[in-house]
Amino acid sequence: MNLDTYDYLDGNAAAGELSNIFTMDVTAARGQCAHCGAMKRFAEAHLYMQGPGLVARCCVCEHVLLRVVNARQRVFLDVRGMRCLILDTSGLRESGR
Ligand SMILES: [Zn+2]
């Protein structure tokens, strides 16, 4: 696949789609690329939305970090391209339990 022929958005464009899955804002999280090891904010990822779902690629090496496809009331989430995803919980309030 020649990525030069496709325009991409930054990872912030995935906020709406990912908010259907995660209660926390994933675009503010930091993730590590499983291919090159770069640790970046998810918002810096290159987001391709031309396919049936969305694909986020590493902004350093273009390796696929995450895929999301909606089909027939199911969401298919593939995050194997990330070694880890670090979410900041400091803004969360106590649940009262
Ligand atoms: Zn990478």
Side-chain angles (χ1 to χ4, degrees):
M1 178 178 172
N2 182 1
L3 295 175
D4 294 339
T5 59
Y6 293 93
D7 289 329
Y8 63 81
L9 304 171
D10 72 36
N12 286 311
E17 186 72 34
L18 294 177
S19 72
N20 295 329
I21 303 168
F22 297 100
T23 59
M24 296 180 66
D25 180 8
V26 174
T27 63
R30 292 169 55 82
Q32 185 172 28
C33 175
H35 183 71
C36 75
M39 178 71 80
K40 296 285 185 180
R41 287 183 53 233
F42 186 81
E44 296 177 81
H46 295 172
L47 197 69
Y48 296 86
M49 302 177 78
Q50 291 87 356
L54 65 86
V55 176
R57 291 181 174 268
C58 175
C59 65
V60 175
C61 75
E62 291 290 342
H63 181 75
V64 173
L65 299 173
L66 174 145
R67 294 183 181 98
V68 179
V69 175
N70 281 297
R72 298 184 186 152
Q73 300 181 336
R74 287 189 168 81
V75 176
F76 296 82
L77 176 65
D78 176 357
V79 292
R80 65 188 148 170
M82 281 189 282
R83 200 168 288 153
C84 68
L85 186 64
I86 303 170
L87 298 146
D88 182 0
T89 60
S90 64
L92 298 180
R93 285 186 274 162
E94 292 290 324
S95 64
R97 282 187 259 164

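Order of appearance sets the numbers: ligands from 1, and atoms from 1 within every ligand.
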Shortest non-hydrogen contact from L65 toward A45
CD1-CB, 4.1 Å

Who pairs with R80 by side-chain hydrogen bond (donor to acceptor under 3.5 Å, both in side chains), at least two apart in sequence or on another chain?
D78

Please collect all ring-ring contact (aromatic ring centres under 6.0 Å, His included) contacts where either partner lies in residues 65-88, sequence neighbours excluded, each pair once.
none

Quick one: salt bridge (charged side-chain N to carboxylate O under 4.0 Å, His left out) pairs with a partner in residues 15-42, sequence neighbours left out?
none

One checks the Zn ion (ligand 1) and counts protein N, O or S atoms under 2.8 Å, reaching 4

How about L54 and L66: do any of their side-chain heavy atoms sit closer than 4.5 Å?
yes

Distance check, rounded to the nearest 0.5 Å: H35 atom NE2 versus E62 atom CD?
11.0 Å

